[in-house]
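First the structure, in the form of structure tokens, and then the observations on it.
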2 protein chains.
Amino acid sequence: MSKVRLADIAKMANVSKTTVSMVLNDKNINVSEETRKNIKRIAEELNYIPDTVARSLSTKKTNILGIINPDIENPFFSEMVKAIEKKAEYYKYSIILCNSYNDYKKEEKYLKLLISKRVDGVIVLSGGKGSTAIDTLKKNKIPFVVVDRYIESEESYSGVFCDNDKGIDIGVRYLFDKGKRNIAFIRGEEELTAANLRYNAFEKTAKDLGIFNKNLVEEESFTIEGGKNSTQKLMEKKEKVDAIFYSSDVMALGGMKYLIRNGYKVPEDISVLGYDNINIASLIEPELTTIAQPIYEMGKKACELLIEMIDEQKEEKIIYLDPKLVERSTVL
Amino acid sequence: MSKVRLADIAKMANVSKTTVSMVLNDKNINVSEETRKNIKRIAEELNYIPDTVARSLSTKKTNILGIINPDIENPFFSEMVKAIEKKAEYYKYSIILCNSYNDYKKEEKYLKLLISKRVDGVIVLSGGKGSTAIDTLKKNKIPFVVVDRYIESEESYSGVFCDNDKGIDIGVRYLFDKGKRNIAFIRGEEELTAANLRYNAFEKTAKDLGIFNKNLVEEESFTIEGGKNSTQKLMEKKEKVDAIFYSSDVMALGGMKYLIRNGYKVPEDISVLGYDNINIASLIEPELTTIAQPIYEMGKKACELLIEMIDEQKEEKIIYLDPKLVERSTVL
């Protein structure tokens with residue numbers, strides 16, 4: 001790297017580096033107004049940008065936050081990252097983006113990289129039960145906030161959560177009230193805590209209502225393919241299905257694709273309920289009825305929480321946000 | 001920030017900081033095997049991570065790349081950023097993500113921030129004609145690669161492009177061959193070079209074929225809303241329309257939504273052709289026929305190009321990739 005440096009300006013203005021630094025930082029220094037203007041003009045012309053890396057060595061701050069997310073192409077995470085970046089920029093922080101693909105080794109590797117780059121804090125979006133990554137953050141005393149990730153090994157940490165139990169309960173009861181009794185549930189993979197929480201909540205409410213049927217439960221990844229495959233497995237069982245509750249919208253999109261392709265009408269033959277309320281939910285036809293998580297709000301809150309911990313040394317805090325039903329056109 | 005430091009390990013192992021540093025870097029130093037093992041064990045236990053910021057002051061390298069993209073929530077850019085991050089990680093670079101929302105002032109601000117953080121290079125994804133941002137990079141001698149952004153003021157720069165003229169020409173001729181004569185074109189906003197290139201290409205081919213009708217051209221932003229609004233404006237003109245060629249898939253999604261909502265059948269009443277081939281194009285029903293840009297490949301190539309410039313001082317280079325037609329179900 002060979003960018004414009006203080007020394008270049010000093011040389012052109014025929015003054016010392018200290019003088020340039022004092023003038024550009026508007027410090028009190030005894031130089032003529034002419035010299036002052038000259039220095040500022042040169043800095044402007046050369047497009048001089050102060051070096052915050054050198055400065056960060058003394059302030060111990062880089063104003064960089066690390067974000068670990070499973071996959072930026074997943075619309076749930078791209079919306080959340082967008083919210084985080086916007087908040088971060090407002091507080092003059094930059095974000096380093098890492099895609100872990102829910103691979104714990106990768107996550108751990110990224111965290112070490114982020115720490116070596118001296119990020120001021122880290123936001124870990126979703127992902128697994130694994131706690132080695134979190135241990136690494138704790139040991140290195142890096143402030144962090146988790147989103148939708150529960151850590152059993154730690155007593156206190158900061159996190160933003162949207163109540164999974166409540167969201168699933170609302171969804172199952174909504175389908176029940178619509179007269180559905182044969183409700184299939186497509187769960188996420190066991191490695192993900194949110195997947196387990198949602199499934200357990202489904203089992204509980206379905207049992208309370210006396211309609212639980214283990215045979216109508218399928219497990220797959222929170223992806224389009226996962227949605228397609230699980231729906232195929234489910235439909236090939238030839239059981240009676242009134243409604244399918246997908247535990248993520250992305251899965252629901254894949255599932256609806258399978259259903260429509262195979263001659264099922266949604267919602268006339270089978271009702272479909274999603275979870276998350278990603279933007280695409282309202283783009284497809286028919287528009288997806290879903291349990292909304294306040295995705296943008298979750299990202300915003302996570303970023304605010306982290307910056308408060310960094311800049312104001314605030315204590316760890318857990319924030320719970322509420323899910324809500326968004327009725328569109330896939331449940332009859 | 002108070003992370004585990006060399007001094008902590010030195011204290012616990014009862015040796016000097018230099019000894020710790022030498023041992024951890026596997027340098028030749030005269031210490032007992034026992035001390036060596038002890039130092040490594042302590043470093044492991046404390047989860048010691050070397051500080052690359054301090055190191056970067058001497059190597060002049062941060063191994064961080066800056067990415068300026070209009071909006072990470074736009075699936076075109078999230079797919080491209082994913083490709084860049086994957087390549088970057090392979091070469092041991094991290095990426096700082098910035099969303100400019102096509103605002104040149106914001107872009108300029110972000111660039112200064114990136115330079116102040118001493119990024120080793122910058123990738124600018126799409127965006128406007130504005131060249132002040134590019135000037136800033138040039139003046140600060142920061143290697144950069146643009147994707148789908150033409151710079152008139154510069155003679156040599158690195159870029160990755162997918163031939164807009166060719167893509168549009170393929171699209172118009174495909175619709176023409178399908179018997180369409182009343183082809184509407186939804187263009188992007190004038191501030192974006194790609195929008196102008198695509199429109200000019202449309203006008204040229206449509207005139208060559210003798211079917212150009214200025215009345216069937218609408219201009220809007222490359223967004224869902226832009227697609228909806230432009231389609232509404234178009235249809236309210238009550239002109240005969242056989243097919244609509246949207247110059248971005250995101251616009252086509254919005255447009256199809258408007259059409260379906262207003263009782264038009266796609267493709268029976270009106271054929272729809274998109275541009276980009278974002279992932280969602282194959283998720284909606286009917287699946288979108290579109291002109292595919294190799295989005296993932298463009299991101300990958302841009303990252304490779306940049307890293308070659310940084311690590312091997314390679315010269316500026318322009319890479320052209322080819323668009324191609326992807327036939328699905330929206331053109332009859």
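Chain identifiers are assigned alphabetically (A, B, ...) following the order of the sequence lines, protein sequences preceding nucleic acid strands; residue numbering begins at 1 within each chain.
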Task: Nearest heavy-atom neighbours spanning A:E45 and B:K139 - done: O-NZ, 3.1 Å
TODO: Identify the heavy atoms of B:S94 and A:I96 that sit nearest to each other, and give their distance.
DONE: CB-CG2, 3.9 Å
Open item on the list: Is B:Y110 close to chain A through its backbone or its side chain, or both, or neither, when contacts mean heavy atoms under 4.5 Å?
Closed with: side chain
Open item on the list: So for A:S329, is it side chain, backbone, both, or neither that comes closer than 4.5 Å to the heavy atoms of chain B?
Closed with: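 Contact with chain B is absent: no heavy atom of A:S329 under 4.5 Å.
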TODO: Check whether A:I260 gets within reach of chain B through its side chain, its backbone, both or neither, counting any heavy atom under 4.5 Å.
DONE: side chain
Open item on the list: Please identify, among A:L253, A:L114, A:I224, A:I67, the residue contributing the most non-hydrogen atom pairs under 4.5 Å to chain B.
Closed with: A:I224
Open item on the list: At a heavy-atom distance under 4.5 Å, which candidate from A:I280, A:D135, A:N74, A:D71 has the highest pair count against chain B?
Closed with: A:D71
More than 12 heavy atoms from other groups under 6.0 Å of [atom1] on [X]:
{"X": "A:Y101", "atom1": "OH", "value": "yes"}
{"X": "A:K109", "atom1": "NZ", "value": "no"}
{"X": "B:E268", "atom1": "CD", "value": "yes"}

Task: Rounded distance (nearest 0.5 Å) linking atom NZ of A:K257 with atom OG of B:S282 - done: 6.5 Å
Task: For chain A, the option from B:L46, B:L97, B:I284 that forms the most heavy-atom pairs under 4.5 Å - done: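 Greatest number of close heavy-atom pairs with chain A: B:L97.
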TODO: Using atom types as modelled and distance alone, determine if a side-chain donor or acceptor of B:K117 lies under 3.5 Å from a backbone N or O of A:I64.
DONE: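 Side chain of B:K117 to backbone of A:I64: no pair is present.
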Open item on the list: Determine whether B:M256 and A:E285 satisfy the following criterion, side chain to side chain contact (heavy atoms under 4.5 Å, CB included), listing intermediate values before the conclusion.
Closed with: CA-CA 9 Å; B:M256 276 173 69; A:E285 277 294 337; over 6 Å; no
- [ ] Tabulate, in ascending numerical order, the residues of residues 79-87 of chain A having at least one heavy atom closer than 4.5 Å to a heavy atom of chain B, or enter 'none'.
- [x] A:E79, A:V81, A:K82, A:E85, A:K86
Open item on the list: Tell me every residue that passes side chain to side chain contact (heavy atoms under 4.5 Å, CB included) with B:K314, counting only those two or more places apart in sequence or in another chain.
Closed with: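 Scan of B:K314 (side chain to side chain contact (heavy atoms under 4.5 Å, CB included), adjacent residues dropped) gives B:E308, B:E312.
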